[in-house]
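See below for the structure under consideration.
Please read these numbers as outputs of a predicted model, since none were measured by experiment. Heads up: numbering here begins at 1 and tracks the sequence.
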Amino acid sequence: MKFGKEFASQMVPEWQEAYMDYDYLKTLLKEIQNFKLRNKPQPPTPLPKNLKRRLTLYRAFSGLTHHKISPAQDIENQAILVNSVQRENGERYETMFLMAGDEGGELELVYFRRLDEEFNKVVKFYKTKVEEVVKEANVLNKQMDALIAFRIKVDDPRAWFDSTVEMTRLASDVAVSTAALSVSTPSGARANRRSRMDVIEEDGSNNQGKSDDSSDDEDVKEVKPVNKNVVFEEKKANNSRSKSKSKRPAPLDILDHMTMNNTVETPRSTIKEFLNIVPDQSELKFSKANLKKVEQQLKRAFVEFHHKLRLLKSFSFLNMTAFSKIMKKYDKVSSRSASKSYLKMVDNSYLGTCDEVTKLMERVEGTFIKHFANSNRSKGMNILRPKPRRERHRTTFSLGFFAGSAAALLLALILIIRARDILSNKGKDQYMTTMFPLYSLFGFIVLHMIMYAANIYYWRRYRVNYAFIFGFKEGTELGYREVLLIGFAFAVLALGSIHANLDMEMDPKTGDYKAFTELLPLGLVVLVFAILFCPFNVIYRSSRFFLLTCLFHCICAPLYKVVLPDFFLADQLTSQVQALRSLEFYVCYYGWGDYKHREDSCDTYPVFRTFLFIVAAIPYWLRLLQCLRRLYEEKDLMQGMNGLKYFSTIVAISTRTAFSLSNATHWKIIAWIASAIAVIFSTYWDLVLDWGLLQRKSKNRWLRDKLLIPHKSVYFVAIVLNVVLRFAWLQTVLKFQVSFLHRETLIAIVASLEIIRRGIWNFFRLENEHLNNVGKYRAFKSVPLPFNYDEDENKDE
């Protein structure tokens, strides 16, 4: 793989604007190369072979071929001079190109100007992020101090009166764990462990600090002799560190400045907040349950912080490598030797010399292993650095097996229908009104899973960080193969049941249909719910529980804080209205119908007709409640407009359902008006706000400034499809009739078109969300911390 592709594949997607623009610099080098090829001088006339040979021998023996270049001549032959300049916005690096007067020098001058811009951009971004992680490390340091004191209070409450003994024991434990970790740590890493910052350090670990400092001093003495001035500076620094430590609060006294943050949101806490019933958080309750909650929250915070440090380290390494590669390419193209001086500047810059990230990683790993992994290094590192999910061959094989089986069963079903002439059978209408709605439920689910798998494939192809946007735990997100595997497995089960249930006539002996085959659809539904709620670690348990959690938050919409996975799932439910009505039909058909004779009278029940309205409106009602919750929290009027959109859709669906049941003229007019308003409102919201398109003044006219798909025509096709498929709803008002299609078949086709539209919407919705994250360099989740440190109270004391 070429470095350009590898460089792009290893970028943090949300930081891609901050990386060096390697491709553009390569295009500049290509222009320089093309110019040199066009203006290449004609080669001189070759000399006769014997003359050339004698001249070569003469030059070799006369010593003319091995002359030394003086330092003055070497300076004169330099192509660039790199200087560090202080500007208003900080230090900048500028390259002076000394060969601008040469032929084609203007192109090389443009190249170096752009190279400096890219380097200064990378250094500025890296410096900003390092300052952020240093501040975050200080916050985590205080949180760890509070956790250690909290543990002492929970394990031995008497420590409040006699903390000296407990902290002495803690210090010895920390020293022992550090000694155990230092055995498996290289000496070079131990030599670099000492940091200018006092972060992520346990209280009472003075012995540990002494041992580390002494080992560091020994390593330094091995490298270079002792300098008195250096020793004096080190003593002065140690004294200042000891003074700063003495100002810190006592080990257990830090709890006087801490209050518990209520980070876990429940319906009860939401109701209390709405009623302004705020619980008193001034007192800390020292219990095992609270200690476990605090440890879990800090554990997640450390894992996320370590992930941030790893990405920062990767950012520095990738950009350093990219500058090295591009300068070597420049030397090759221009036949100059400029890379040595430029890369020397890169190595001496903040990007090359700053080791704060590495030191913080070592301290975070040591602290995490000690306090959250019981000093088990392998266990702690597995949590901090989870292994990426591997593509297993058995998944690919199973996917091929179930996909082939589903295709074979579908083809066999078509051939059987044609061979038996089932479509002209007397029992066809009865089958279509009873069995077809039951089995169409699985068709809707499988189609939605296929569309979601296609979304995942294209999100990965165009580097949309869907796992971060949805908040999946690292290493547990499903790939498109896993989603297709589940979908085709359901398809095989459903198609197999249909094959077993193709009887169009009752048994003449018993006068009914076989009870076993008639109960197959119900058995499949029970199986799906059993797999979904299965507590055992089988069939992607983490993904199933994530889905159930989001579904529960959707049902309790106004009582939980609305995040993207919740309202994204609710949007998916709005496209599965017909599937929800199929579930309602399951309850009515098997509860009050005569399934042995395929007879149902659900349409005659007032309760069933009422629930046709309720079931269709439930997904939109949930989205309306989510919008109201966000309006209350964020005070954003756009959320109120979004809620108004869903309310108009509820009105449209209700009027269309009323018209389909009564066929009254006045309901038809109301349904027409309500549907037109809802469709226009929803289409505008999809294209302009959800997708961010139709911007007149953008670089890409009528689209947006940043596009992930290089072909603009794809966006215009998606816009047209979204509009056309939105208006497919009008079929229920216009009541189109196709002679060769049954009414239930037409309803299923319209519902399938809505699922396809939702699949298209999913891709562009997440693309827009990803680009918003890229614009804000938002690549990490904000993890709530368990304690709140009162700085003002500490200052007063």
Side-chain angles (χ1 to χ4, degrees), residues 2-30 80-97 108-136 307-331 333 338-361 463 465 468 706 770-771 773-780:
K2 292 185 177 181
F3 176 75
K5 293 183 178 179
E6 184 179 356
F7 182 61
S9 65
Q10 294 186 13
M11 285 182 182
V12 180
E14 289 76 15
W15 291 354
Q16 58 186 359
E17 298 293 333
Y19 284 84
M20 185 188 81
D21 196 345
Y22 186 80
D23 292 335
Y24 184 75
L25 291 174
K26 277 183 64 177
T27 58
L28 295 179
L29 290 180
K30 194 70 175 178
I80 59 172
L81 287 177
V82 187
N83 299 316
S84 174
V85 182
Q86 291 293 335
R87 300 291 185 188
E88 294 180 357
N89 53 356
E91 185 181 22
R92 290 181 60 86
Y93 296 92
E94 295 181 358
T95 303
M96 182 183 296
F97 183 59
E108 297 181 52
L109 185 62
V110 171
Y111 165 78
F112 278 107
R113 285 179 180 173
R114 183 55 184 260
L115 186 67
D116 289 340
E117 291 177 4
E118 295 296 322
F119 183 72
N120 289 318
K121 176 188 71 174
V122 170
V123 171
K124 182 180 179 181
F125 178 82
Y126 183 69
K127 191 172 184 179
T128 303
K129 289 299 177 183
V130 170
E131 292 173 355
E132 289 179 6
V133 297
V134 168
K135 292 179 182 178
E136 190 173 346
H307 177 61
K308 184 183 296 186
L309 294 176
R310 283 192 288 122
L311 293 187
L312 267 178
K313 189 175 182 180
S314 172
F315 177 85
S316 173
F317 174 76
L318 279 177
N319 281 287
M320 294 275 289
T321 308
F323 282 108
S324 175
K325 292 282 186 182
I326 203 68
M327 285 305 300
K328 289 179 180 179
K329 284 183 178 293
Y330 170 78
D331 286 354
V333 169
S339 61
K340 184 177 180 181
S341 57
Y342 196 89
L343 294 180
K344 184 178 180 181
M345 178 273 296
V346 173
D347 292 336
N348 293 332
S349 67
Y350 187 85
L351 186 67
T353 57
C354 178
D355 57 350
E356 304 292 356
V357 175
T358 303
K359 292 177 180 178
L360 278 176
M361 286 184 67
R463 295 184 55 76
N465 196 356
F468 166 72
K706 295 180 181 179
H770 172 74
L771 292 176
N773 290 339
V774 170
K776 300 175 183 177
Y777 300 109
R778 187 168 50 201
F780 309 105

Exercise for the section: Output, in order, the C-alpha distance, side-chain angles, deciding distance and verdict of side-chain contact (heavy atoms from CB on, under 4.5 Å) for Lys313 and Leu309. Expected result: CA-CA 6 Å; Lys313 189 175 182 180; Leu309 294 176; over 6 Å; no

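Side-chain atoms of Glu91 and Lys127, non-hydrogen and from C-beta on, never get closer than 4.5 Å to each other. Using a 4.5 Å cut-off on side-chain heavy atoms (C-beta onward), Tyr93 and Asn348 make no contact. Taking the side chain as every heavy atom from C-beta outward, Ser341 and Ile80 approach each other to under 4.5 Å.
Aromatic ring orientation, Trp15 versus Phe125: perpendicular (interplanar angle above 60°, classes split at 30° and 60°).
Here the straight-line distance linking atom CZ of Arg92 with atom CD of Gln86 works out to 11.5 Å at 0.5 Å rounding. Separating the CG atom in Leu28 from the CG atom in Asp23 is a distance of 11.5 Å, to the nearest 0.5 Å. Of the inter-residue distances, the one linking Met345 atom CE with Phe119 atom CZ reads 4.5 Å to the nearest 0.5 angstrom. Interatomic distance, CG of Leu343 versus NZ of Lys325, reported as 12.0 Å (0.5 Å rounding). For the atom pair CD (Glu14) and CD (Gln16), the distance works out to 8.5 Å, reported to the nearest 0.5 Å. To the nearest 0.5 Å, atoms CG (Asp347) and OG (Ser349) are separated by 7.5 Å.
Considering all non-hydrogen atoms of both residues, Ile326 and Tyr111 come closest at O-OH, 3.5 Å. Residues His770 and Asn465 share a closest heavy-atom pair of ND1-N, 3.5 Å. Closest non-hydrogen pair, Leu351 versus Ser316, comes out as O-OG, 3.4 Å. Annotation for Tyr22 and Lys329: closest pair OH-CE, 3.1 Å, computed over non-hydrogen atoms. What you find for Val122 and Ala18 is that their closest heavy atoms are CG2-O, 3.5 Å. Residues Ala338 and Phe112 approach most closely at CB-CZ, 4.4 Å, considering heavy atoms.
Note on Lys135 versus Glu132: no salt bridge recorded, every NZ/NE/NH1/NH2 to OD/OE distance being 4.0 Å or above. A salt bridge does not link Lys121 to Glu117: none of the charged side-chain nitrogens sits closer than 4.0 Å to a carboxylate oxygen. Ion pairing between a basic and an acidic side chain is recognised when a charged N comes within 4.0 Å of a carboxylate O; Arg114 and Asp21 show such pairing.
In this structure, the side chain of Thr321 engages the main chain of Phe317 through a donor-acceptor pair within 3.5 Å. A donor-acceptor pair is defined here as one N or O able to donate and one able to accept, closer than 3.5 Å; no such pair exists between the side chain of Asn319 and the backbone of Tyr19. Judged by distance alone, with hydrogens and angles left aside, the side-chain atoms of Thr128 form a donor-acceptor pair with the main-chain N or O of Lys124 at under 3.5 Å. Although no hydrogens or angles enter the test, the distance criterion places a donor-acceptor pair under 3.5 Å between the side chain of Asp116 and the main chain of Thr95. Remark: the backbone N or O of Glu6 is paired with a side-chain donor or acceptor of Ser9 at under 3.5 angstrom.
Few gaps surround CZ on Arg463; more than 12 heavy atoms of other groups in view lie less than 6.0 Å from it.
Shown are Leu25, Val346, Leu115; of these, the side-chain contact (heavy atoms from CB on, under 4.5 Å) with Met327 is made only by Leu115.
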